[in-house]
Structure formats: C-alpha cells, structure tokens
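Report on one structure; see the data block that follows.
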There are 2 protein chains.
Amino acid sequence: MDQFPLPVARIGIIGGGQLGRMMAKAAKRLGCTCVVLDPTPGSPAGQVAGHQIVGDYHDPARLRELAESCDVTTFDIEDIDTETLIQLEREGNRVLPSPSLLAVIQDKLTQKQALDDAGIPTAPFVPMPEPSPEAFAKFGYPLVQKSRRGGYDGRGVSIIRSPNDYGAHLPTDSLVERFVPAAKELAVVVARGLDGDCRCYPVVEMCFRPGENVLEMLLAPANIPAETAQAATELGIRTVEVLQGVGIFGVEMFLTESGELLVNEVAPRTHNSGHHTIEATVTDQFEQHLRAVVGLPLGATDQLSPAAMINLLGAPGHRGRPVIKGMAEALAIPGVCLHLYGKAATAPFRKMGHVTVLDPDIEEAQRKAIRVRELIEISGEGHP
Amino acid sequence: MDQFPLPVARIGIIGGGQLGRMMAKAAKRLGCTCVVLDPTPGSPAGQVAGHQIVGDYHDPARLRELAESCDVTTFDIEDIDTETLIQLEREGNRVLPSPSLLAVIQDKLTQKQALDDAGIPTAPFVPMPEPSPEAFAKFGYPLVQKSRRGGYDGRGVSIIRSPNDYGAHLPTDSLVERFVPAAKELAVVVARGLDGDCRCYPVVEMCFRPGENVLEMLLAPANIPAETAQAATELGIRTVEVLQGVGIFGVEMFLTESGELLVNEVAPRTHNSGHHTIEATVTDQFEQHLRAVVGLPLGATDQLSPAAMINLLGAPGHRGRPVIKGMAEALAIPGVCLHLYGKAATAPFRKMGHVTVLDPDIEEAQRKAIRVRELIEISGEGHP
C-alpha cells in the first residue's frame with residue numbers, strides 16, 4: 001500500500017506570482033510544504049507558502065538552494081535559467097515539467113518547430129533572425145511577428161497587416177507566421193501524470209479585446225459544437241503527449257473560420273485559462289499540477305457549473321498601493337468568486353486578481369462578469 | 001462607491017486549527033491578511049496565515065495584542081476567555097461573533113436557556129449542578145448529561161439510559177436533557193451578515209457511529225423530504241436571528257421519529273458540517289464567515305454537486321509524526337478531494353484532515369467515501 005510521511009512532498013516553486021500562490025494553497029491541502037523563489041520579498045505565493053527564498057530566477061545559487069531543499073521543483077513562470085535546472089536535474093534533483101522541455105518552449109521558434117515536427121497543426125511560419133521589410137514582403141502579409149524570447153500577455157507579439165505597419169515590428173530575433181483569421185480562440189488545459197495518464201478540462205473560449213492580446217474574458221465551456229470540442233481536446237492531449245510533458249499545460253488554439261484547429265502556443269505551467277477550475281471543476285488545475293509532479297493519481301476534471309472569468313487589471317495611469325473600488329457591490333452579485341493576489345503595488349494593466357462567475361446559464365455568467373468589470377477598479381492610493 | 005485599500009481587512013483568528021487554516025486561505029482570496037493566535041508554533045492556520053502570535057486563548061495580553069493589531073477579530077474555537085474579549089470590544093475593537101454571545105453559547109446551560117427563552121424547540125432539560133443518582137432518577141431515564149463547559153466532539157456528553165449507567169456520568173456542573181430517539185441528525189450552516197442578511201446552506205445529514213459522538217459521515221444534501229428541509233432551514237435561520245449572531249453558525253438538530261425538529265446545539269463558528277462547501281457550493285463557509293464579519297455582502301449558497309464528507313482521524317494507539325497510508329489509492333477515485341491539515345503530530349482520533357467526495361449520485365458519493373475511509377490510515381511514524 002502507498003505510504004507518505006508528512007509532509008507528503010516538499011515543493012519548490014520558481015516564481016512567486018498568482019499562479020504560485022494558488023498552487024501553494026493546493027499544496028497545503030495535499031499535505032505538502034512549499035518554498036517559493038522570487039526576487040520580491042512577500043510575493044503573492046510567498047505570503048501563503050510559509051517560506052520564500054528571495055532571489056532571481058536566473059541565479060544559479062538560489063535555484064540550487066531551492067531544488068536541493070525540495071523533493072520536486074516546479075515553476076509558475078517560463079523565464080528561468082534552464083541551464084542550471086538541467087544541471088540540477090542531472091545531479092538527481094526532480095524538476096518538473098522537464099527543464100529541457102521548458103528550454104524548447106521558452107524559445108517560440110524551437111517550440112513551433114517541435115510542434116511542427118511532431119505533426120501538430122500550427123500556422124505556417126519561418127524563422128526571422130533579422131526582421132526587414134524585404135523579409136516580411138517575401139513571407140507575405142498579413143503576418144504575425146513573435147520575438148523568440150521573453151514575450152507574454154501579448155508582449156513580444158506584433159500583427160503586421162501590410163508594409164505600412166512595419167513601424168510596429170519588433171527589432172529582435174523572431175519568427176513570423178501567417179496571420180490566421182480566427183473565428184474563436186480556444187484553450188485546452190491538459191494534465192499529464194508521471195505515468196503518462198492524461199486528463200483534459202473542458203475546452204474554454206478566450207475573448208480578447210480587439211487589437212490587444214490581453215485576455216478580456218474566458219468562457220467555460222466554449223460555445224462550440226461538440227465535435228469541435230472533441231477535436232480540440234484530442235489535439236490538446238496529443239500536443240502534450242508529443243512533448244512528453246508532466247504537469248499542467250495550457251494549449252492555446254485558433255479555431256479558423258473554416259473550422260480548422262491550429263495550435264498557437266503551449267504554456268508548460270498552470271494557465272490563466274484554467275483559473276475557473278478552482279470553483280467550477282472537481283479538481284482544480286493547481287492541485288492537478290501538483291498531483292502530476294508529485295506522482296499522485298490525477299483527479300476528475302468534470303465541470304460542475306458554467307463559468308465566466310475575467311482578470312482584474314491595474315487601472316491605466318495608476319501605481320502604488322492598490323485601492324479596490326466597487327468590490328462590495330460586485331460581491332453582492334450571486335455567483336461572483338473574487339481572487340485578489342495580494343500584490344503590494346498596482347501598475348497599469350498588471351494582473352491584480354481575477355473573478356470567476358458561476359451561473360447555470362453561461363450567458364448570464366458572462367453578463368455578470370461584464371458587470372463586475374464595470375464595477376471593480378483597481379487604482380493606486382493617492383491617485384485620482 | 002465602496003472602496004478598500006489593500007489589505008481589505010486585517011483578520012485576527014483566535015485558534016490555529018483546521019477551521020482557521022481554511023479561513024486564512026479564504027481571507028487571502030478576499031485580499032485580507034491574517035494573524036493567528038495559537039499556543040502551538042506552526043499551527044495549521046499559522047502555516048498559511050503568514051503571521052502567528054504564539055500564546056494561549058486565555059491570555060489577556062495576547063488576546064489584546066491580537067485584537068489591537070487587527071480590524072476584526074474572530075475565532076475558530078469556543079474555549080476562549082470571553083471577559084477579555086468583552087473588554088476589548090468595549091474599547092472599540094471589533095470582535096465577531098459577539099463575545100457576549102460566545103459567553104452564552106460556551107456554557108451549554110445558558111445556551112439552552114437562551115434558545116428555550118426564545119421559543120426555539122429543544123429537548124426538555126434541567127440544570128444539574130451536582131449530579132446524583134437521585135437527581136437523575138427525578139428527571140427520569142433515558143437522559144443525556146452534558147457538562148456546561150469544555151465539551152466538543154462528543155467529549156463532555158454522556159448518555160445515561162438507566163440507573164445502571166450511572167458509572168458513566170460526568171462528575172461536574174452540567175445539565176441533563178431528555179434523550180431524543182432521533183431518526184436523523186441534521187445540521188444547518190447559517191451565515192448572518194452585519195446588516196442582518198441571512199443565508200443558509202442546504203441542510204446536511206450527520207451520521208454518527210453508534211454509541212460515539214464523533215461524526216462518521218456527512219451527506220449533503222440530507223436525504224429528507226423537501227418540507228422537512230424547508231422547516232430545518234427556517235429553524236436554523238430563526239435560531240441565528242434570535243441570537244443576533246454575525247458570522248457562520250452551525251445549528252445541529254434532531255429530526256425525531258415523529259418528524260419533529262429540535263435544536264441540539266449551536267456552534268458560533270465555521271462548522272465540521274460545512275467542510276464540503278469548499279468544493280460543493282458557490283461560496284464556501286469560510287469565505288462566507290469572513291464576508292459577514294468584514295461587512296461585505298454574503299455570497300450564494302447554491303450547491304453544485306451532491307457530496308459526502310468524512311473526517312480523517314488519527315489511528316487508535318498512534319502518536320507522533322503522521323504517516324498517511326492509502327492516500328494515492330484514495331486519490332485515484334474520481335471526485336475525491338483531500339484536505340490534510342498539516343498537523344505535526346497525530347494522536348488517537350485526532351482530526352488530521354477530511355475528504356469530500358463529489359458525485360452526481362449521492363449514494364455513489366457515500367460508497368466512495370466509505371471506500372476512502374477503508375483505504376486511508378493515519379498512523380504515527382515508527383509505530384507498527
């Protein structure tokens with residue numbers, strides 16, 4: 001019979017943001033302890049983990065200190081020094097998802113190549129080490145330029161529709177891919193265990209503000225035909241299987257106007273498009289991730305209620321100690337579940353929290369979420 | 001418009017057990033910070049709160065330190081020095097539920113008298129300051145003797161069916177009440193806000209091991225006719241309204257064989273019979289309690305899935321560092337949600353965790369919960 005002394009596992013989390021925070025809470029439930037590595041003292045995850053190492057994700061000594069004090073090390077961000085992680089893994093420390101996979105995914109070009117090599121459908125692309133009007137013209141418009149490294153939440157991505165847009169290009173080592181006129185953007189959150197067992201949450205629909213790449217609203221489940229949901233689920237699972245990933249992976253997809261599914265990007269970590277799983281599904285993505293990396297069986301991913309999710313972003317023009325307006329009024333709406341991340345300072349468009357709205361009718365959930373977004377404003381103390 | 005700077009509130013929690021632990025997690029979600037008062041360093045709640053004052057619940061200096069450093073002070077236990085709390089409240093510190101109400105409820109005799117005076121149906125009772133065979137005989141058998149103070153989880157309660165059971169009596173200031181042959185034991189978890197708004201979770205059914213008073217299994221919702229559920233809900237709300245309570249209250253009831261509802265006991269705190277609300281309802285009891293004491297609107301109490309809940313108790317004869325057997329096997333059962341409390345040492349029948357099982361079919365949830373109870377054993381390291 002299986003047997004665990006307490007703590008069941010000591011979990012190292014590289015990155016002390018909101019994902020680590022929600023992971024630390026799940027870890028405690030499972031009888032695990034946590035250590036967080038983050039440069040900001042009292043980080044969102046550090047506040048609940050109980051122990052934080054203050055240090056940079058690229059500092060080999062701090063990464064070593066973390067990995068050597070834990071049974072398994074994982075991460076809530078992607079911008080980590082993978083060379084050190086690979087070395088630590090070689091020395092027998094368990095790091096999951098695998099640092100060599102993280103290295104492939106960190107670089108959007110190698111990620112794309114890996115998916116393409118494995119036969120995963122993606123938008124056509126070419127490497128673009130030195131962007132130029134000629135190179136863009138040769139590939140053809142409209143195109144999407146992505147910097148190979150460091151992009152997230154829409155940073156490092158530029159849509160170039162014609163030569164006139166060249167001023168918006170990124171002057172960096174990048175790739176360009178065909179602009180896909182997507183009918184919808186979908187995401188599939190997939191968990192894969194140490195034993196290869198795969199579980200998939202119901203497909204969600206991501207709505208973006210036109211012209212911006214920040215998630216505006218998430219609808220779970222997506223409003224798509226059953227056969228499309230089935231195909232997206234299978235594609236999500238196949239993607240994580242070809243990558244041999246262990247843990248939670250967010251697989252973002254385009255559903256084209258002709259009904260084709262193309263994988264846009266893979267995140268080797270818990271994902272913004274899975275936040276609703278905390279309230280809306282049996283096992284949330286954070287616990288699921290931990291079950292996977294600790295080597296416990298994966299949990300059920302059944303959804304108990306339709307849900308809409310919005311991020312709470314810092315108001316433009318505001319910095320400093322956060323002030324939350326409209327919180328009480330928003331909480332009075334039935335089904336509103338608020339998550340604040342405890343960040344000490346707000347900044348324009350910084351993710352300060354999120355709200356999941358549960359409602360038996362997903363359109364009603366969506367209306368309530370829009371109302372919450374109108375109500376809640378996160379500004380900085382002392383600002384107008 | 002309402003406006004809160006972060007933290008939304010500083011919450012003081014007297015008692016660092018599992019209830020405080022789950023409350024601290026909910027507090028972080030709402031943007032609150034927590035300080036826990038508990039004599040054991042690294043208590044279950046202290047591990048997630050971020051800050052613990054190590055001290056006794058009866059130490060006036062530590063209670064003062066806690067209350068004066070927080071916006072609102074609440075508790076996860078009942079055995080607290082209420083005189084100090086009442087004084088602190090007089091000085092303008094917010095303590096909720098009200099310490100004078102806690103004082104009434106702490107003493108099972110005054111609790112019973114308060115309920116009786118307000119016309120809440122309870123089993124007939126008399127005070128029994130000095131138990132004797134004569135006094136018992138005068139009241140008549142079968143009876144239940146309850147010590148006025150310090151009883152919980154079945155301690156401080158003795159069932160005396162006949163003069164032959166006198167050896168099992170409690171030699172202490174107590175009350176005796178008529179033994180009620182209950183068809184079922186029910187519980188209603190009620191939240192009441194600062195503004196008097198009342199919300200009630202669906203009625204649950206508590207199953208006890210014959211002859212013991214420790215909860216064996218909780219079924220949510222209770223398997224009772226709709227009109228009984230309605231009556232129990234109304235009785236639960238009326239009970240909390242007559243007490244003018246603010247926060248979460250667990251109202252335990254007997255459903256007699258003739259279909260009558262009698263209030264057995266009221267707990268002025270989050271309750272073991274509401275643990276399933278974490279996964280099975282929209283707003284869990286811990287967040288609901290905080291919304292109430294902070295003065296935020298109460299949340300929806302709709303249940304999303306039937307649930308069965310069992311406590312995980314320390315194995316008889318075992319002490320020391322906990323070892324959990326059968327955890328992986330139990331987690332492989334779909335719908336099993338595990339909560340370990342992170343207690344450093346086990347002891348016989350100590351509450352070490354709980355498991356909520358979600359299943360669309362409550363009988364299946366119950367079968368799975370029974371299976372989990374067979375699988376999981378919490379023993380002490382180094383013991384057989």
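Just so it is clear, the values below take in all heavy atoms, side chains as well, and ignore hydrogens, waters and symmetry mates.
Residues A/Gly335 and B/Ala300 share a closest heavy-atom pair of N-CB, 3.9 Å.
In this structure, CE in B/Met22 is found 11.0 Å from CZ in A/Arg29, a value given to the nearest 0.5 Å.
Heavy-atom distances place the side chain of B/Ser305, and not its backbone, under 4.5 Å from chain A. Contact of B/Leu6 with chain A is made through backbone and side chain together, with heavy-atom distances under 4.5 Å. Both the backbone and the side chain of A/Pro7 come within less than 4.5 Å of a heavy atom in chain B. Of the atoms belonging to A/Leu331, heavy atoms from both backbone and side chain fall under 4.5 Å from chain B.
No donor-acceptor pair closer than 3.5 Å links the side chain of A/Lys28 to the backbone N or O of B/Gly342.
If you tally non-hydrogen atom pairs under 4.5 Å between each of A/Ile324, A/Leu304, A/Val323, A/Val282 and chain B, the highest count goes to A/Ile324. Across B/Met327, B/Gln47, B/His51, the residue that shares the most heavy-atom pairs under 4.5 angstrom with chain A is B/Met327. Highest contact tally toward chain B, considering only A/Gly326, A/Gly50, A/Ala332, is held by A/Gly326 [criterion: heavy-atom pairs under 4.5 Å]. Interface summary for chain A: among B/Lys25, B/Lys343, B/Glu279, the most heavy-atom pairs under 4.5 angstrom belong to B/Lys25. Note on A/Ala280, A/Pro5, A/Gly46: by heavy-atom pairs under 4.5 Å with chain B, the leading option is A/Pro5.
Annotation for B/Glu363: atom CD does not count as buried by contact number, only 12 or fewer foreign heavy atoms lying within 6.0 Å.
Residues of residues 285-298 of chain B lying under 4.5 angstrom from chain A, judged on non-hydrogen atoms, are B/Arg291, B/Leu296, B/Pro297, B/Leu298 in numerical order. Listed in order of number, the residues of residues 31-41 of chain A that approach chain B to under 4.5 Å between heavy atoms are A/Gly31.
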Q. Passes side chain to side chain contact (heavy atoms under 4.5 Å, CB included), A/Asp2 versus B/Glu329? Steps please.
A. CA-CA 7 Å; A/Asp2 61 272; B/Glu329 209 176 331; 3.7 Å; yes
